[in-house]
Number of protein chains: 2
Amino acid sequence: MHALIVLAHPEPHSFNAQLKDTAVETFKAQGHTVEVSDLYAEDFQPAEGPRHFARRARPERFGAQTEQRHAHDTGTTAADVAAEIAKLERADFVLFQYPIWWFGMPAMLKGWIDRVFTFGGVYTAKQRYENGKFLGKRAMLSVTAGAPEPSYSYNGRSGELALLLWPMHKSLVYVGFQVLPPFLSAGIQDGIKYDRPVDERHRIDAYKKGLAERLGRLDALAPLPFNMLADFDDTGRLKPGAPGYSPFIRAEP
Amino acid sequence: MHALIVLAHPEPHSFNAQLKDTAVETFKAQGHTVEVSDLYAEDFQPAEGPRHFARRARPERFGAQTEQRHAHDTGTTAADVAAEIAKLERADFVLFQYPIWWFGMPAMLKGWIDRVFTFGGVYTAKQRYENGKFLGKRAMLSVTAGAPEPSYSYNGRSGELALLLWPMHKSLVYVGFQVLPPFLSAGIQDGIKYDRPVDERHRIDAYKKGLAERLGRLDALAPLPFNMLADFDDTGRLKPGAPGYSPFIRAEP
């Protein structure tokens, strides 16, 4: 198996970077090949916009979908985006490692989605969901959070984790991935103390072991259920009898 | 009333920019003062990281919360962030105008949240939610989407709008805002056709009128309900008897 790890954290010595290292070691120990896309180290530019499109379809008014499609059709996709798409094409499994910032992913990672999942290159009106480009590949999120783990329960003040992760999961499903259950490392903070207290260091070690254990048994994990396009009618709503797999898409109001 | 409009779209002639213009005209016609934070025009840098912190608390390992707090305490917050915070402080009402990209906000806007809502400057462990810095201010999201409106219903393939917007709403509530119901302009695409079909142009005009009408009656709109910190116990879970105001925070599993 060839694994890609997409890391979105600004600090090479961070807990997130250490989890990435744990993942690299785990995959190698299993005989898999691995590559890492360290977005901050690559100085990836997250804001989609005109500067990334050298040859414009429509110079007088920038539209992201128009220009992404044109760049793909003319072979002028920006080099950084083309490189990321190639990494995805090579990978059988993609691990995303990132901190939860403000109930979602860091802007760097959102920008990677905005710029890399191109109209034309990665999806089209026909090539998505059950016909997605990355059909056959699997993805998994490994996320860290400062707030304590109970706060990510169904009745927790941070909001239920599965619901906070839905937009990222949904984006991956849109382009054809199957998504495995996420791995959460909560209650690891920065900012309050310059040196980590002993109990936090113990928990960091336990989380690393937990991630390694999880990555060691990927084939035993059932993918999360998501609605495919066939579940919806021409108006964009669930067909009668089709189940809704989350609060975001429900059969009943 | 002093209004701030935060716009996150790369194209000055976009539908989003036109909605921003509609909002400016509407506020002025009502006798309010207005300022616009056009993030792409300002070339706002969305990726939080070490380059934004000239004087580090801890040079050997970057932590966003540590450095945000230190910058605030030493008066060395980056000029662009300080300017955005000042705009928020001046505003009674903040309108966010942006396109839904991949089930969420563009990376540019997420980066504005990541960098501007600083630990120390905008929130602390004590200064949040019902004690949030921006208590007394109101905010509203005006979002555009390419997919048709029914697809953002409770049974729509895009996912229910209110749930897609929850992380942004929750972030605003976290720092003290009351949040008014969002305004959605759906089914306006880019990328398929270079010139808009007549029916789409009619819908664009109707959306502009709708936004103007909505902004003309803000005081008649009830804020969306969100749980405050007082609803949660020390473990971070809802106290017995406290309601959960959304699928993200529920009293029952």
Side-chain angles (χ1 to χ4, degrees), chain A residues 10-11 13-14 40 46-50 57-58 61-66 68-69 101-104 106-108 110-111 113-114 117 119 147-148 150-151 153-160 163-164 166-167 170-171 189-192 194 227 229 232 235-238 244 247-251 253, chain B residues 10-11 13-14 40 46-50 57-58 61-66 68-69 101-104 106-108 110-111 113-114 117 119 147-148 150-151 153-160 163-164 166-167 170-171 189-192 194 227 229 232 235-238 244 247-251 253:
Chain A
E11 169 52 54
H13 298 112
S14 61
Y40 272 91
E48 180 63 300
R58 190 181 64 207
R61 186 166 67 84
F62 176 83
Q65 282 191 315
T66 298
Q68 287 175 0
R69 182 84 203 229
W101 286 356
W102 295 101
F103 313 102
M108 177 64 91
K110 181 50 166 54
I113 299 280
D114 290 343
F117 284 11
F119 184 58
S151 75
S153 305
Y154 68 89
N155 58 356
R157 59 176 167 81
S158 302
E160 188 175 7
L163 304 187
L164 296 181
W166 196 87
K170 172 81 166 167
S171 299
Q189 295 208 11
D190 192 288
I192 314 292
Y194 292 176
N227 289 98
L229 264 190
F232 300 95
T235 73
R237 294 182 186 253
L238 278 176
F248 287 78
I249 301 174
R250 308 186 302 280
Chain B
E11 170 51 54
H13 298 111
S14 60
Y40 272 89
E48 180 63 300
R58 191 182 62 209
R61 187 166 68 84
F62 176 83
Q65 281 192 313
T66 297
Q68 287 176 0
R69 181 84 202 227
W101 287 354
W102 295 102
F103 313 102
M108 178 64 91
K110 182 50 168 52
I113 300 279
D114 290 343
F117 284 12
F119 184 59
S151 75
S153 304
Y154 68 89
N155 58 356
R157 60 176 167 80
S158 302
E160 187 175 6
L163 303 187
L164 297 180
W166 196 87
K170 171 84 166 166
S171 299
Q189 295 210 8
D190 193 290
I192 314 293
Y194 292 177
N227 289 99
L229 264 191
F232 300 95
T235 73
R237 294 183 186 253
L238 277 177
F248 288 77
I249 300 176
R250 310 185 300 282

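Sequence lines set the chain letters: A, B, ... in the order given, protein chains first and strands last, and positions in each chain run from 1. None of the values given here were measured: they were computed from a predicted structure.
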*Heavy-atom pairs under 4.5 Å with chain A, option from B:Pro50, B:Gly244, B:Gly236, B:Pro167 with the top count*: B:Gly236
*Would you mind checking which part of B:Ala47 comes under 4.5 Å of any heavy atom in chain A, side chain (CB onward), backbone (N, CA, C, O), both or neither?*
both
*Quick one: does NZ or CZ of A:Arg69 land under 6.0 Å from the six-membered ring centre of A:Phe119, within 45 degrees of the ring axis?*
yes
*Interface residue of largest heavy-atom contact number with chain A, from B:Gly111, B:Gly49, B:Ser158, B:Ser171, under 4.5 Å*: B:Ser171
*asked:* Angle between ring planes, B:Trp166 versus B:Phe248, binned at 30° and 60°: parallel, tilted or perpendicular?
replied: parallel
*Under 4.5 Å between any side-chain heavy atoms of B:Pro46 and B:Asp114, yes or no?*
no
*Do A:Leu163 and B:Leu163 come within less than 4.5 Å of each other through their side chains, counting heavy atoms only?*
no
_Let's test your reading of the structure: which of B:Pro150, B:Ala147, B:Gly104, B:Pro106 forms the most heavy-atom pairs below 4.5 Å with chain A?_
B:Pro150
*Tell me, for B:Glu48 versus chain A, whether the close heavy atoms (under 4.5 Å) come from the side chain, the backbone, both or neither.*
both
*Report yes if some heavy atom in the side chain of A:Leu164 is under 4.5 Å from a heavy atom in the side chain of B:Lys170; otherwise report no.*
no
*Is chain A contacted by the side chain of B:Asn227, its backbone, both, or neither, given a heavy-atom distance below 4.5 Å?*
neither
*asked:* Assess, by modelled atom type and distance only, whether the side chains of B:Arg237 and A:Ser153 contain a donor and an acceptor separated by less than 3.5 Å.
replied: yes
*Among A:Phe232, A:Trp101, A:Trp102, A:Phe62, residue most engaged with chain B (heavy-atom pairs, under 4.5 Å)*: A:Trp102
